[in-house]
A.B. asks: 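Supplied in structure tokens, the structure appears directly below.
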Amino acid sequence: MTEVDELRESALKEIKNTKDLNDLQRVRSEYLGRKGKVTFLLKKIREIPPEERKEFGRKVNQLKEEVEELIKEREKELKEREIEEELEKEWEDLTIPPFRPVGSLHPITLTLRRILRIFTAMGFTVREGPEVELESYNFDMLNIPPDHPAREMQDTFYINKEGYLLRTHTSPVQIRTMLEEKPPIQMVAPGKVYRRDDDPTHSPMFHQVEGLVVSEDASFPQMKYTIETFLKEFFQQDLPVRLRTSYFPFTEPSAEVDIGCVICGQKGCRVCKETGWLEVMGCGMVHPQVLENCGIDSDLYQGFAFGMGVERLAMLYYRIDNIKIFYENDLRFLRQF
Ligand code: DAH
């Protein structure tokens, strides 16, 4: 009788611990097979003295039924588990796009994004304006008089709609912003601009980023600090930066911003034309007339503005000496970014 109880214990344990259907098959023949342990006990019934035989026989048969039942249950469990595992393995995420994008971002896009990231971190918002622009926003409102050289046909692409042109700079976004928003204003405007210009460092289409700050206390030192901070961050080095007096109709005073040549470290090279300095943007205090043109009281508010060429900055940063390479879409070039 203890043998039956012990066998029962070990069978329960083994069935419970089976890993898979194969394993269960092994346990089944171990207990119920022709030479199995339970079968062995069944055969032994005959040898038991008659007075105990009935009780023993009942117990062994009960054990056999119990083991069969447990194996059946376990089989069902293992089958279900196998199906689940199969499903898990075969599961496909149908929301994954069928083709992985194999492209990369264009160096101009990368440069634009880097410029905007630096300015937005300094609290600037991003503004955009149309490439087909009103002649008055591109010129008149910016204090560029009709006889200004920038208006001559060789610089500007006019379109055959009276009063419109392809913007020659991003400065008209200053006008659009000041007409729509009240100060304080602190914005940058990236975008494409167009000029009738074509040589190794000039392209008829290129990109600029414009900056405009208008507030009660915007000042020249603030402008210098903002531009210097940007340039050091952009070129990732503590560059020498200098402002040189210049002229733009829409700023007064105006300045040109130079950085120490990043190619030769100011020793003098072909890129800086042996001067050690590179011109990277224009800037100045917004001309009071421009503020007034936009309905901003120039007695209460002051502004500073700046404008830079994105290709120029990208060429210096990546050390590229021909602007055309940006537009040829030569994969041997593009893959390097
Ligand atoms: N718009 C000028 C250009 O295209 C660049 C520029 C100069 C923009 C001075 C400015 C500025 O905002 O203040 O050459």
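Because the structure is predicted, anything quoted here is derived from the model rather than measured.
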A.B. asks: With a 4.5 Å limit on heavy-atom distance, are the side chains of Val280 and Asp258 in contact?
C.D. replies: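 No, side chains not in contact.
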A.B. asks: Nearest 0.5 angstrom please: Glu131 CD to Ile159 CD1, how far?
C.D. replies: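 CD1 of Ile159 is found 11.5 Å from CD of Glu131.
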A.B. asks: Charged N to carboxylate O under 4.0 angstrom, Asp155 versus Arg195?
C.D. replies: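 Salt bridge between Asp155 and Arg195, a charged N being under 4.0 Å from a carboxylate O: no.
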A.B. asks: I would like to know whether Ile175 and Asn293 meet side-chain contact (heavy atoms from CB on, under 4.5 Å); could you show each step before the answer?
C.D. replies: CA-CA 8 Å; Ile175 303 299; Asn293 289 347; 5.7 Å; no
A.B. asks: Is the closest basic N to carboxylate O distance between Glu47 and Arg53 below 4.0 Å?
C.D. replies: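 Salt bridge flag = no for Arg53 with Glu47.
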A.B. asks: For His287 versus Pro249, what's the shortest heavy-atom pair and its separation?
C.D. replies: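 The answer is CD2-O, 3.7 Å.
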A.B. asks: Quick one: does NZ or CZ of Arg114 land under 6.0 Å from the six-membered ring centre of Tyr317, within 45 degrees of the ring axis?
C.D. replies: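 Verdict for Tyr317: a cation-pi partner in Arg114.
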A.B. asks: Return the minimal non-hydrogen interatomic distance between Leu116 and Pro190, and the atom names on each side.
C.D. replies: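 Distance-wise, the nearest heavy atoms are CD1-CG, 3.9 Å.
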A.B. asks: Leu243 and Lys224: side-chain contact (heavy atoms from CB on, under 4.5 Å), yes or no, with the steps?
C.D. replies: CA-CA 8 Å; Leu243 298 186; Lys224 184 168 185 278; 4.0 Å; yes
A.B. asks: Using a 4.5 Å cut-off on heavy atoms from C-beta on, say whether the side chain of Gln302 contacts that of Val214.
C.D. replies: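 When only atoms from C-beta onward are counted, Gln302 and Val214 do not touch, as no gap falls below 4.5 Å.
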A.B. asks: Angle between ring planes, Phe157 versus Tyr194, binned at 30° and 60°: parallel, tilted or perpendicular?
C.D. replies: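 Because their plane-to-plane angle is over 60°, the rings of Phe157 and Tyr194 count as perpendicular.
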A.B. asks: Between the main-chain N or O of Pro240 and the side-chain N or O of Lys232, is there a donor-acceptor pair closer than 3.5 Å?
C.D. replies: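 Pair absent, no side-chain N/O of Lys232 close to backbone of Pro240.
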A.B. asks: Is it true that Phe220 and Phe304 have ring centroids separated by less than 6.0 Å?
C.D. replies: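 When the ring centroids of Phe220 and Phe304 are compared, they turn out to be at least 6.0 Å apart.
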A.B. asks: With sequence neighbours excluded, give me every salt bridge (Lys or Arg N to Asp or Glu O under 4.0 Å) pair touching residues 306-322.
C.D. replies: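 Pairs touching residues 306-322 that pass the test: Arg270-Asp321.
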A.B. asks: For the side chain of Gln336 and the backbone of Arg332, is there at least one donor-acceptor N/O pair under 3.5 Å apart?
C.D. replies: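 A pair under 3.5 Å: yes.
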A.B. asks: Atom CD1 of Ile144 and atom OG1 of Thr168: how far apart are they, to the nearest 0.5 Å?
C.D. replies: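 It comes to 6.5 Å.
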A.B. asks: Distance from Leu78 atom CG to Asn22 atom CG, nearest 0.5 Å?
C.D. replies: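 Rounded to the nearest 0.5 Å, the CG-CG separation comes to 10.5 Å.
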A.B. asks: Please give me the minimum heavy-atom distance between Cys272 and Thr275, naming the atom from each residue.
C.D. replies: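 Where Cys272 meets Thr275 most closely, the heavy atoms are O-OG1, 2.6 Å.
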A.B. asks: Could you pull out the closest heavy-atom pair between Asn138 and His169, with the gap in Å?
C.D. replies: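 What the structure gives for the nearest pair is O-NE2, 3.0 Å.
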A.B. asks: Counting distance only, does the side-chain N/O of Thr226 pair as donor-acceptor with the main-chain N or O of Gln222 below 3.5 Å?
C.D. replies: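 Checking the backbone N and O of Gln222 against the side chain of Thr226, a donor-acceptor pair under 3.5 Å is found.
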A.B. asks: With a 4.0 Å cut-off, would you call Glu30 and Arg26 a salt bridge?
C.D. replies: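 A salt bridge is present here (some side-chain N lies under 4.0 Å from a carboxylate O).
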A.B. asks: Can you confirm if the NZ or CZ of Lys161 lies within 45° of the ring axis of Tyr164 and under 6.0 Å from the centre of its six-membered ring?
C.D. replies: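 Yes, a cation-pi geometry holds between Lys161 and Tyr164.
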A.B. asks: Are Glu68 and Lys72 ion-paired here, with the side-chain N under 4.0 Å from a carboxylate O?
C.D. replies: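 Salt bridge absent between Glu68 and Lys72.
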A.B. asks: For a 4.5 angstrom cut-off between non-hydrogen side-chain atoms, does Val271 reach Leu316?
C.D. replies: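 Touching, per the 4.5 Å side-chain cut-off.
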A.B. asks: Kindly determine whether Phe230 and Phe119 satisfy side-chain contact (heavy atoms from CB on, under 4.5 Å), including the steps that lead there.
C.D. replies: CA-CA 7 Å; Phe230 163 73; Phe119 281 113; 3.4 Å; yes
A.B. asks: Okay, side chain of Arg167, backbone of Gly129: is any donor-acceptor separation there less than 3.5 Å?
C.D. replies: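 Indeed, once roles are kept as given, a pair shorter than 3.5 Å links the two residues.
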A.B. asks: For the ring pair Tyr318 and Phe337, is the centre-to-centre distance below 6.0 Å?
C.D. replies: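 Yes; Phe337 has its ring centre under 6.0 Å from that of Tyr318.
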A.B. asks: Compare all side-chain heavy atoms of Tyr31 with those of Val27 and state whether any distance is below 4.5 angstrom.
C.D. replies: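 In contact.
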A.B. asks: Please lay out, stage by stage, how Glu162 and Glu135 fare under the test side-chain contact (heavy atoms from CB on, under 4.5 Å).
C.D. replies: CA-CA 9 Å; Glu162 184 63 26; Glu135 186 171 353; 5.6 Å; no
A.B. asks: For residues Leu300 and Val290: do they belong to one hydrophobic cluster (side chain heavy atoms under 4.5 Å, members Ile, Leu, Val, Met, Phe, Trp, Tyr)?
C.D. replies: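 Yes, it is one cluster - the side chains of Leu300 and Val290 are joined through contacts under 4.5 Å.
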A.B. asks: Is there side-chain contact between Met205 and Val193, with heavy atoms separated by less than 4.5 Å?
C.D. replies: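 No, too far: nothing below the 4.5 Å cut-off.
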A.B. asks: Atom CZ of Arg81 and atom CD of Glu88: how far apart are they, to the nearest 0.5 Å?
C.D. replies: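 CD of Glu88 is found 14.0 Å from CZ of Arg81.
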A.B. asks: Measuring from atom OG1 of Thr201 to atom CE of Met315, what distance do you get when rounded to the nearest 0.5 angstrom?
C.D. replies: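 Between atom OG1 of Thr201 and atom CE of Met315 there are 6.5 Å.
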A.B. asks: Ignoring hydrogens and geometry beyond distance, is a side-chain donor-acceptor pair present between Gln174 and Glu210 at under 3.5 Å?
C.D. replies: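 Indeed, the side chains of Gln174 and Glu210 share at least one donor-acceptor pair under 3.5 Å.
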A.B. asks: Give a yes or no answer on whether the side chain of Ser215 reaches the backbone of Ala218 with a donor-acceptor pair at less than 3.5 Å.
C.D. replies: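 The answer is yes, because a donor-acceptor pair under 3.5 Å joins these two groups.
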A.B. asks: Evaluate the side-chain proximity of Glu133 to Leu166: yes if any heavy-atom separation is below 4.5 Å, no if none is.
C.D. replies: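 SC-SC contact between Leu166 and Glu133 ruled out.
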A.B. asks: Taking side chain as C-beta onward, heavy atoms only, is Pro107 less than 4.5 Å from Phe326?
C.D. replies: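 Contact flag for Pro107/Phe326 side chains = yes.
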A.B. asks: Could you tell me which non-hydrogen atom of Met281 sits nearest to which non-hydrogen atom of Gly307, and how far apart they are?
C.D. replies: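 Met281 and Gly307 have their closest heavy atoms at CB-O, 3.0 Å.
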A.B. asks: Spell out, as yes or no, whether a donor-acceptor pair under 3.5 Å connects the side chain of Thr39 to the backbone of Lys35.
C.D. replies: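 Checking the backbone N and O of Lys35 against the side chain of Thr39, no donor-acceptor pair under 3.5 Å is found.
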A.B. asks: Between the side chain of Glu6 and the main-chain N/O of Glu3, is any donor-acceptor distance below 3.5 Å?
C.D. replies: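 No.
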A.B. asks: Should the pair Glu77-Arg74 be classified as a salt bridge under the 4.0 Å nitrogen-to-oxygen rule?
C.D. replies: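 Here Glu77 pairs with Arg74 in a salt bridge, since their nearest N and O are under 4.0 Å apart.
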A.B. asks: Please examine the side chains of Tyr301 and Val286, heavy atoms only from C-beta on, and report whether any two atoms are closer than 4.5 Å.
C.D. replies: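 A side-chain contact is absent here, since even the closest heavy-atom pair is not under 4.5 Å.
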A.B. asks: Please determine if Arg8 and Asp5 form a salt bridge, counting it only when a charged side-chain N lies under 4.0 Å from a carboxylate O.
C.D. replies: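 Salt bridge: no.
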A.B. asks: State whether Arg176 and Glu180 are salt-bridged, where the test is any N-O pair (Lys NZ or Arg NE/NH1/NH2 against Asp/Glu carboxylate O) under 4.0 Å.
C.D. replies: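 Glu180 and Arg176: not salt-bridged.
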A.B. asks: How long is the span from the CD atom in Glu14 to the NZ atom in Lys37, to the nearest 0.5 Å?
C.D. replies: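 Answer for the CD-NZ pair, Glu14 versus Lys37, is 6.0 Å.
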A.B. asks: So, Thr251 side chain and Ser254 main chain: donor-acceptor pair closer than 3.5 Å or not?
C.D. replies: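 Not at all, since once roles are kept as given, no pair shorter than 3.5 Å links the two residues.
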A.B. asks: Measure across Ser104 and Leu334 and return the closest heavy-atom pair with its distance rounded to 0.1 Å.
C.D. replies: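 That would be OG-O, 3.9 Å.
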